[in-house]
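The structure appears right after this line, and notes come after that.
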Amino acid sequence: TVKVVPDGQYQWRVVAKNTRRETVGTSRWRTFVTDGSAPEVTSVSPRYTAKPKSKFKITFSEPVTKVSKKTVKIFATGKKKALKAKVTYKGTTATLKPKKKLKKGTSYTVTLSSGIRDRKGYKLAKYSFSVRVS
């Protein structure tokens with residue numbers, strides 16, 4: 001029977017038994033990872049309304065790579081040039097902190113590019129969300 005193993009990390013070992021079903025040897029535990037799906041954004045914060053000093057947190061469905069100021073950007077509505085911002089990543093969460101205060105009454109869009117990938121190389125689908133600063 002063939003079964004699909006969900007994405008995740010698993011461990012296995014071998015236990016050798018004699019004809020009386022007594023254990024005669026055991027291997028050490030070994031780990032393997034299965035990954036058959038691309039990463040996704042599972043949550044963002046703040047979602048609709050931000051403050052002038054807001055930091056933006058983006059959580060992914062799994063650990064990812066290539067999270068940087070090149071792949072996570074913030075734009076003021078109608079502007080083509082991204083604002084300067086610091087981007088950090090830990091665990092499964094990226095944080096974008098604009099270098100300057102955001103302007104009240106202005107809307108901003110945070111974008112994530114498909115340059116972000118999981119351990120297997122699967123690309124994040126381009127993703128963006130917008131907030132208004134109050």
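Keep in mind that what you see is a predicted model, and the values were worked out from it rather than measured.
- Inter-residue side-chain proximity for Phe75 and Leu83 is flagged as unmet; no heavy-atom pair is nearer than 4.5 Å.
- Annotation: side chain of Leu124 is not in contact with side chain of Ser114 (no heavy-atom distance under 4.5 Å).
- Taking CG of Leu96 as the start and NZ of Lys69 as the end, the distance is 11.5 Å to the nearest 0.5 Å.
- Residues Ile74 and Pro98 come closest through the heavy atom pair CD1-CG, 4.4 Å.
- At a threshold of 4.5 Å between non-hydrogen side-chain atoms, the residues Lys103 and Tyr108 count as touching.
- When all heavy atoms of Glu62 and Ser37 are compared, the pair lying nearest together is OE2-O, 3.4 Å.
- Judged purely by atom type and a 3.5 angstrom limit, Thr77 uses its side chain to pair as donor or acceptor with the backbone of Ser107.
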Practice task
Check the pair Thr59 / Val41 against side-chain contact (heavy atoms from CB on, under 4.5 Å), numbers first and verdict last.
Solution key: CA-CA 6 Å; Thr59 304; Val41 173; over 6 Å; no
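- Atom-to-atom distance recorded for Lys73:NZ and Ser113:OG is 7.5 Å, nearest 0.5 angstrom.
- No side-chain heavy atom of Lys57 sits under 4.5 Å from any side-chain heavy atom of Val44.
- By the 4.5 Å heavy-atom criterion applied to side chains, Val72 and Val67 are counted as neighbours.
- Thr34 and Asp7 form no side-chain donor-acceptor contact under 3.5 Å, judged by distance and modelled atom types alone.
- For the atom pair CZ of Arg117 and NZ of Lys120, the computed distance is 14.5 Å after rounding to the nearest 0.5 Å.
- Heavy-atom minimum distance, Val133 versus Lys51: CG1-C, 3.9 Å.
- Between the side chain of Thr23 and the main chain of Gly25, no donor-acceptor pair closer than 3.5 Å is present.
- Closest approach of Phe129 and Pro46 over heavy atoms only: CE1-O, 3.6 Å.
- To the nearest 0.5 angstrom, Thr88 atom OG1 is 9.5 Å from Lys97 atom NZ.
- With contacts defined as side-chain heavy-atom distances shorter than 4.5 Å, the pair Val131/Tyr48 does not qualify.
- Between the side chain of Tyr89 and the main chain of Gly91, a donor-acceptor pair closer than 3.5 Å is present.
- With contacts defined as side-chain heavy-atom distances shorter than 4.5 Å, the pair Tyr122/Pro39 qualifies.
- If you check the side chains of Ser130 and Thr109, you find a donor sitting under 3.5 Å from an acceptor.
- We find the OG1-CH2 distance between Thr31 and Trp12 to be 10.0 Å, quoted to the nearest 0.5 Å.
- A donor-acceptor pair is defined here as one N or O able to donate and one able to accept, closer than 3.5 Å; such a pair exists between the side chain of Ser27 and the backbone of Val14.
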Problem - Stepwise side-chain contact (heavy atoms from CB on, under 4.5 Å) test for Phe56 and Thr95 - result: CA-CA 6 Å; Phe56 297 87; Thr95 303; over 6 Å; no
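- Minimum heavy-atom separation, Arg119 to Val33: NH1-CG2, 4.3 Å.
- A 4.5 Å side-chain heavy-atom check between Thr93 and Ile58 finds every atom pair outside the cut-off.
- Residues Thr26 and Arg13 approach most closely at CG2-NH1, 3.6 Å, considering heavy atoms.
- In this structure, the side chain of Arg30 does not engage the main chain of Gln11 through any donor-acceptor pair within 3.5 Å.
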